[in-house]
Amino acid sequence: MPAANAPVSVLGLGLMGSALAAALIKAGHPTTVWNRTAGKTGPLVAQGASPAATAQEAIAAGPLVVVCLTTNDGVRALLAPEADTLAGRTVVNLTNGTPGQARELSDWAAAHGITYIDGGIMAVPQMIATPGAYILYSGTDEAAYETHRPTLEALAGTKWVGKDPGLAALYDLSLLTGMYGMVMGVVQAYALIGSAGVPAHEFAPLLKDWVNAMTDGLVPGMAEALDSGQHLTDVSSLEINQAALPNFLTAYAQAGISDELFAPLQSLLDRSITEGHAADGLSRLATLLKKN
Ligand code: FVH
């Protein structure tokens, strides 16, 4: 059972890996750090980390190995030659990736006697070890997660999402999808209002309040419609949205703004009408996105 002083190794000291290692050091964990480009260990060593000359040396330093690289291709390439050293240890992979990649890495780890936990970080580096941050975890060995949870809590809040190793990545990508949709709407709104010379800072309070008000009601409301299968609405029908969308696309064109983010909505709205959902609300679109 890891105690407050359980040793941890961190592989990958980019912006996120460095923030993770710093949080572990601050929480009192003996932390061994390794990065492909050795110079990045300096600031962490100054905070109390032990530098490892090789990934193998870092892995050998303790029972828990946290990995945070750019991609899972990099993770695979880094860990594959170290399977013997990793055997009997737990890898927590916090690299962004797909559910399929997580399952493949989990299968590979199991075949080599390595415990694999996948994670999705719901935070930017500056949020690590602050109250708003949390990390999603999944993996076949929930007991291993529970064993290391006290250590992982030094990084951020912890949220176990299930024994399918791909689930943390699925939750992560789903949450990030919601974020990207919202961010792209904000990007388009600033581009459109900016075309009339309105300074962004002047428009910002209106946009913020509007987006907050819309998402506050829309997110739970849409969940209710999807779970019940009742998409009929008295708020905003697909028919009215389909009729309005050309106004947006025309206004973008007249303002000299690209419609590449929003034009794809037209075919989805058109299809919702031809498939007989004119009176339904926007929740219906989630069902239409499913491919057979
Ligand atoms: N930064 C963020 O806001 C997001 C928040 C949510 C989670 N993401 C994911 O975290 C992963 C790492 O992101 P990062 O911000 O730390 O990225 P970088 O600062 O660019 O650092 C990348 C590190 O990965 C090392 N690296 C890359 N490829 C390899 C490889 N083949 N072998 C070994 N190490 C590799 C790189 O090393 P170096 O270039 O310094 O030598 C950095 O340490 C990522 O999945 C985000 O999506 C962050």
Side-chain angles (χ1 to χ4, degrees), residues 8-25 31-47 49-61 65-83 85-86 91-106 108-109 116-139 152 154-159 161 165-184 186:
V8 192
S9 302
V10 180
L11 308 181
L13 304 174
L15 293 174
M16 184 52 84
S18 291
L20 299 172
L24 290 163
I25 297 163
T31 305
T32 302
V33 292
W34 174 86
N35 193 63
R36 180 178 61 181
T37 307
K40 287 188 186 168
T41 56
L44 292 160
V45 171
Q47 293 167 55
S50 304
T54 62
Q56 187 176 77
E57 188 183 314
I59 292 164
V65 179
V66 174
V67 190
C68 191
L69 308 186
T70 310
T71 66
N72 277 333
D73 287 343
V75 172
R76 213 175 290 114
L78 179 66
L79 299 188
E82 311 301 343
T85 312
L86 284 165
V91 171
V92 174
N93 180 18
L94 300 180
T95 303
N96 179 274
T98 68
Q101 289 171 346
R103 291 178 192 123
E104 276 173 31
L105 280 163
S106 179
W108 170 82
Y116 180 84
I117 297 172
D118 205 74
I121 304 174
M122 304 317 299
V124 295
Q126 292 72 14
M127 288 168 68
I128 292 301
T130 69
Y134 69 95
I135 302 180
L136 303 152
Y137 296 98
S138 61
L152 299 173
L155 306 176
T158 57
K159 185 166 172 56
V161 288
L167 277 177
L170 188 70
Y171 273 75
D172 181 41
L173 295 181
S174 300
L175 288 165
L176 293 176
T177 295
M179 179 198 78
Y180 277 122
M182 187 266 291
V183 169
M184 292 306 133
V186 168

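Whatever order the structure lists ligands and atoms in, that order sets their numbers, starting from 1. For the single chain, residues carry numbers from 1 onward in sequence order.
Assignment of Leu78 to the shell around ligand 1 is not supported, since no heavy atom sits closer than 4.0 Å. Within the 4.0 Å heavy-atom cutoff, Ala123 counts among the residues contacting ligand 1.
Counting heavy atoms closer than 4.0 Å to ligand 1, residue Leu13 contributes backbone atoms (N, CA, C, O) but none from C-beta onward. With a heavy-atom cut-off of 4.0 Å, Met122 does not touch ligand 1 at all.
Distances below 4.0 Å separate heavy atoms of Pro125 from the following atoms of ligand 1: 1 (N), 2 (C), 3 (O). Ligand-side atoms of ligand 1 in range of Val124: 3 (O), range being under 4.0 angstrom from any heavy atom. Heavy-atom proximity to Gly74, at under 4.0 Å, picks out these atoms of ligand 1: 31 (N). Using a 4.0 Å cut-off to heavy atoms of Lys40, the atoms of ligand 1 that qualify are 38 (P), 40 (O). Remark: ligand 1 atoms within the under-4.0 Å shell around heavy atoms of Cys68 are 10 (O), 11 (C), 12 (C).
A donor-acceptor pair under 3.5 Å links the side-chain atoms of Thr177 to the main chain of Leu173, judged by distance alone. Asn35 places a side-chain N or O within donor-acceptor distance of the main-chain N or O of Leu13, the cut-off being under 3.5 Å.
Checked by distance only, ligand 1 and Asn35 come closer than 3.5 Å through their nitrogen or oxygen atoms. Ligand 1 has an N or O atom lying under 3.5 Å from an N or O atom of Gly14, backbone or side chain. The N/O atoms of Leu15, backbone and side chain alike, include one that comes under 3.5 Å of an N/O atom in ligand 1.
Rounding to the nearest 0.5 Å places OG1 of Thr158 at 7.5 Å from CG of Leu152. Between the OG1 atom of Thr70 and the CZ atom of Arg36 there is a distance of 6.5 Å, given to the nearest 0.5 Å. The OG1 atom of Thr85 lies 11.0 Å from the CD atom of Glu57; values are rounded to the nearest 0.5 Å. With rounding to the nearest 0.5 angstrom, the CG atom of Leu69 is 10.5 Å from the CG atom of Leu94. Rounding to the nearest 0.5 Å places CD of Gln47 at 5.0 Å from CD1 of Ile25.
When the heavy atoms of Leu69, Asn93, Thr95 are ranked by distance to atom 12 (C) of ligand 1, first place goes to Leu69. Among Met16, Gln126, Arg36, the residue whose heavy atom sits closest to atom 35 (C) of ligand 1 is Arg36. Compare Asn96, Val67, Ile121, Thr37 by their heavy atoms: the one nearest to atom 41 (O) of ligand 1 is in Thr37.
Closest approach of Ala102 to Gly166, counting heavy atoms only: CB-CA, 4.0 Å.
Atom 20 (O) of ligand 1 has Thr70 OG1, 4.4 Å as its closest protein atom, hydrogens excluded (heavy atom only).
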Under 3.5 Å donor-acceptor pairs involving side-chain atoms of residues 116-131, not counting sequence neighbours:
unit_1	atom_1	unit_2	atom_2	d
Tyr116	OH	Asn93	ND2	3.0
Tyr116	OH	Asp118	OD1	2.4
Thr130	OG1	Met127	O	2.5

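Residues passing the side-chain hydrogen bond (donor to acceptor under 3.5 Å, both in side chains) test with Arg76, sequence neighbours excluded: Asp73.
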